[in-house]
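The structure appears below as structure tokens.
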Amino acid sequence: DAGVTQSPTHLIKTRGQQVTLRCSPISGHKSVSWYQQVLGQGPQFIFQYYEKEERGRGNFPDRFSARQFPNYSSELNVNALLLGDSALYLCASSLAPGQGQETQYFGPGTRLLVL
Amino acid sequence: AQSVTQPDIHITVSEGASLELRCNYSYGATPYLFWYVQSPGQGLQLLLKYFSGDTLVQGIKGFEAEFKRSQSSFNLRKPSVHWSDAAEYFCAVGEYNFNKFYFGSGTKLNVKP
């Protein structure tokens, strides 16, 4: 079975632009989470979605938004890009939150560079 | 607030030597604990996890970790390190129902020949 896939793999944008990152979870997984990993740091939690609803949100500004589609794939949108948004954006999927099914499996990430 | 601390930023060990990577967490309830490994330019691969039960858990690639509630620790160990183990290792804590997931800052492992 395919793992978590993310597109694009790399992206270069300029300040003020908007970006959309995409994620397809492992087949059968209904929960998707997004993380930001700045160089030299651990991943920081941005969002968790389950059954198309936002279940959790980290300490990120409203410029960050996401959604989950009926096929459980997800998009992360970032508006008004800042230089500090340059990072590796990781998507993770799991069967569901709770009930011992929370183990998250990560995709390879999208590396975003903001100039 | 929940947090995860990995006190060692860099560790260098000789190939064949034993390894222990430290992880301390702060969480009010019973934690769900994980160790992930990240090779350069790659995503995160799950090594092992602890939800409940036996406090010594076995993972892939010969890794194990021990949950010590009294010390709020979940240290990762391997009896004999291989050159291919050189990577960055992250400890993580998941909240109940996993609305949020917290990672430590990571420990970079170098392996000397």
Side-chain angles (χ1 to χ4, degrees), chain A residues 2-7 9-10 21 23-26 29-51 53-60 87-111 113, chain B residues 1-10 21-25 27 29-54 57 59-60 65 74 76 87-108:
Chain A
V4 177
T5 59
Q6 293 185 243
S7 64
T9 55
H10 294 82
L21 310 180
C23 171
S24 292
I26 292 171
H29 285 194
K30 298 182 178 180
S31 178
V32 170
S33 297
W34 287 95
Y35 295 82
Q36 180 195 65
Q37 186 177 20
V38 173
L39 196 63
Q41 298 182 18
Q44 298 292 314
F45 173 79
I46 309 176
F47 288 110
Q48 184 193 64
Y49 275 78
Y50 174 63
E51 292 284 13
E53 291 190 1
E54 183 182 305
R55 291 290 300 270
R57 185 184 182 112
N59 294 326
F60 281 82
L88 180 67
Y89 289 84
L90 294 165
C91 173
S93 76
S94 62
L95 285 166
Q99 302 160 18
Q101 298 178 323
E102 301 88 345
T103 301
Q104 300 198 358
Y105 297 90
F106 285 80
T110 294
R111 189 163 296 281
L113 177 61
Chain B
Q2 293 81 352
S3 66
V4 180
T5 301
Q6 293 181 248
D8 305 305
I9 299 174
H10 288 97
L21 302 182
R22 295 183 290 166
C23 172
N24 293 97
Y25 66 89
Y27 185 59
T30 300
Y32 294 160
L33 297 162
F34 302 80
W35 276 98
Y36 285 86
V37 60
Q38 187 176 38
S39 298
Q42 302 296 313
L44 294 158
Q45 181 183 20
L46 178 68
L47 287 176
L48 47 79
K49 61 187 178 184
Y50 171 79
F51 283 0
S52 64
D54 192 347
V57 293
I60 63 171
F74 189 57
L76 182 71
E88 190 158 19
Y89 292 79
F90 292 93
C91 180
V93 171
E95 284 190 351
Y96 176 72
N97 278 339
F98 277 25
N99 290 334
K100 289 186 180 181
F101 209 67
Y102 301 90
F103 280 85
S105 54
T107 297
K108 285 188 179 177

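Every chain is numbered from 1 and lettered A, B, ... according to where its sequence line falls, protein lines coming before strand lines.
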Given heavy-atom pairs under 4.5 angstrom as the criterion, report whether the side chain, backbone, both or neither of B:Leu44 touches chain A. both

Given heavy-atom pairs under 4.5 angstrom as the criterion, report whether the side chain, backbone, both or neither of B:Tyr36 touches chain A.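 The answer is the side chain of B:Tyr36.
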
Test your reading of the model: is there a side-chain donor-acceptor pair from B:Gln6 to the backbone of B:Gly106, 3.5 Å cut-off?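 Judged by distance alone, yes, a pair lies under 3.5 Å.
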
Donor-acceptor pair, A:Gln44 side chain versus A:Gln36 backbone, under 3.5 Å?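 No, the answer is negative, given that no donor and acceptor are paired below the 3.5 Å cut-off.
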
Do other residues, nucleotides or ligands put more than 12 heavy atoms under 6.0 Å from A:Leu39 CG? no

B:Gln45: partners by side-chain hydrogen bond (donor to acceptor under 3.5 Å, both in side chains), with sequence neighbours left out: B:Lys61

Please flag which part of A:Gln37 lies under 4.5 Å from any non-hydrogen atom of chain B: side chain, backbone, both or neither.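 Contact with chain B: side chain only.
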
Using heavy-atom distances under 4.5 Å, tell me whether A:Tyr50 contacts chain B through its side chain, its backbone, both, or neither.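 Contact with chain B involves no heavy atom of A:Tyr50 at all.
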
